[in-house]
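Below: the structure, in structure tokens.
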There are 2 protein chains.
Amino acid sequence: MLRLSKLTDYAVVVLARLGAEGGVQTAPGLAAGTGVAEPTVAKVLKILAHHDLVEGQRGARGGYRLMRPLRDMPLSTVIAAIEGPIALTACVDNGFGSCEAEGVCAVRGRWDPVNRAIRDALAGITIADLAGPTVHASFSAAAE
Amino acid sequence: MLRLSKLTDYAVVVLARLGAEGGVQTAPGLAAGTGVAEPTVAKVLKILAHHDLVEGQRGARGGYRLMRPLRDMPLSTVIAAIEGPIALTACVDNGFGSCEAEGVCAVRGRWDPVNRAIRDALAGITIADLAGPTVHASFSAAAE
DNA sequence: TTATACCGGACCGCTGTGGTCCTGTTTGCC
DNA sequence: GGCAAACAGGACCACAGCGGTCCGGTATAA
Ligand code: FES
Ligand code: FES
């Protein structure tokens, strides 16, 4: 089905919400705002923080803050953050020795253009595009 | 990782081989030619036959035959055959009621352009492209 | 000092996938 | 007419990955 993980979907939702609200938002707050279970939201945020898409501020009155406006955040980045590198095949881009049939394999390495095509398609769409006109707040609008 | 199933990979390999050899090939023969385990090849072929990409001929001297030249077989078709419809999100294209958060969800239905982009990218590449110059035989070359 | 909220990880049930196998059924050939 | 080859259509199981939850630790503001 070529489906990407639910976590990624949640990530987009959370990011969209974060962008719409602006400023610093707490995980429980975002959970309430998006309707996603709170532990899950926390997990997503943690992952995103790891990849410098959001920044966590600890302590009371803490929360998460976007590190980039949503329009500068291509979808591919988010996917890569949560799902890992974008590569369609098991016999990955330049990884040799992964498949035992690579000697006789006719399509050895030929997946690269496909990967590239997908990656480009994903890089051309920002979270702002996904969030759509819902983003009426804060610095995203100010930047416009 | 946005990875597609190994079966799909095998399908492409088998199809490439089938196109390279031309005519009717048996599953064991293709297994030997590709280096993929024979039961797996059989499984793949059966699925492909179900979707009218190849045609199975039963009985002794039977085998499988391509129903279309590889250059008329976009990658999206093969993927769709093996993995099912191409849709990235859990909250699928027009499927409502699947997600409990769809009321508050900010990106409700916004994945469609992404899906479309992916689908287009995948439709623009044929198996012949993946098989590359290896396709030197039969009617694929004759069509050229 | 205390409450809040992030941080880092461990943990488990479930689904889907990869892979094998077995029982028909069809068809060509001896 | 009988036999072997090869497809058809399942059932079947082991495994990995994912979704989702929870807990102990730490930083920080009131
Ligand atoms: S299938 Fe593994 S190298 Fe081609
Ligand atoms: S996450 Fe399910 S409707 Fe948006």
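Reminder, nothing fancy here: chain letters follow the sequence lines and each chain counts from 1. Here the structure is a predicted model, which means the values were calculated and not measured.
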Exercise for the section: Side-chain contact test, heavy atoms from C-beta onward, threshold under 4.5 Å: evaluate it for B/W111 versus A/V12 and give yes or no. Expected result: yes
Using atom types as modelled, flag every donor-acceptor pair under 3.5 Å from a side chain in residues 51-58 of chain B to any protein atom, sequence neighbours excluded.
from: B/H51; atom 1: NE2; to: B/A81; atom 2: O; distance (Å): 3.3
from: B/E55; atom 1: OE1; to: B/R65; atom 2: NH2; distance (Å): 2.2

Problem - Approximate separation, where rounding is to 0.5 Å, of B/D72 CG and B/I127 CD1 - result: 11.5 Å
Fill in the blank from the handout: With the side chain defined as heavy atoms from C-beta on, B/A60 is closest, among C/dT27, C/dG19, D/dG20, to C/dT27
Completion exercise
Separation of D/dC3 atom C1' from B/R61 atom CZ, nearest Å, is 17 Å
Practice task
Return the value, rounded to whole Å, for the distance between atom CG of B/D9 and atom P of C/dT17.
Solution key: 15 Å
Practice task
Using the closest heavy atom to pick a nucleotide of DNA chain D for each, name whichever of A/Q57 or A/E38 lands nearer the 5' end.
Solution key: A/E38
Exercise for the section: Just compare C/dG18, C/dT20, D/dC7 and give me whichever is closest to any side-chain atom of B/T40. Expected result: C/dT20
Problem - A/D129 side chain to A/T126 backbone, donor-acceptor under 3.5 Å - result: yes
Fill in the blank from the handout: From CD of A/Q25 across to P of C/dC6 the rounded distance in Å is 11 Å
Exercise for the section: Write down the distance between CG (B/L7) and P (D/dC15), rounded to a whole number of angstrom. Expected result: 19 Å
Handout entry: Minimum-distance nucleotide to A/A37 side chain [options: D/dT21, D/dG20, D/dC18]
Key = D/dT21
Practice task
Grab the NZ-C1' distance between B/K6 and D/dA14 for me, whole Å please.
Solution key: 14 Å
Fill in the blank from the handout: d(B/I82 CD1, B/K43 NZ) to nearest 0.5 Å is 10.0 Å
Exercise for the section: Would you indicate, yes or no, if D/dG20 has its OP1 or OP2 atom less than 4.0 angstrom from a side-chain nitrogen or oxygen of A/Y10? Expected result: yes
Practice task
Check if the side chain of A/R58 and the base of D/dT28 share a donor-acceptor pair of N or O atoms closer than 3.5 Å.
Solution key: no
Problem - Separation of C/dT27 C1' from B/R65 CZ (nearest whole Å) - result: 16 Å
Practice task
Measure from the side-chain heavy atoms of A/K43 and tell me the nearest of C/dG18, D/dG19, D/dC7.
Solution key: D/dG19
Problem - Residue-level proximity of residues 45-55 of chain B to DNA chain C when a heavy atom falls under 4.0 Å - result: none
Problem - Partner of A/V78 by side chain to side chain contact (heavy atoms under 4.5 Å, CB included), out of A/L130, A/L4, A/L15 - result: A/L15
Practice task
Could you tell me whether a side-chain N or O of A/T34 sits under 3.5 Å from a main-chain N or O of A/L30, the two making a donor and an acceptor?
Solution key: yes
Exercise for the section: With heavy atoms under 4.0 Å as the rule, sort B/A42 into base, sugar-phosphate or nothing. Expected result: nothing
Exercise for the section: May I ask you to evaluate whether A/S5 reaches the phosphate of D/dG19, defined as a side-chain N or O under 4.0 Å from OP1 or OP2? Expected result: yes
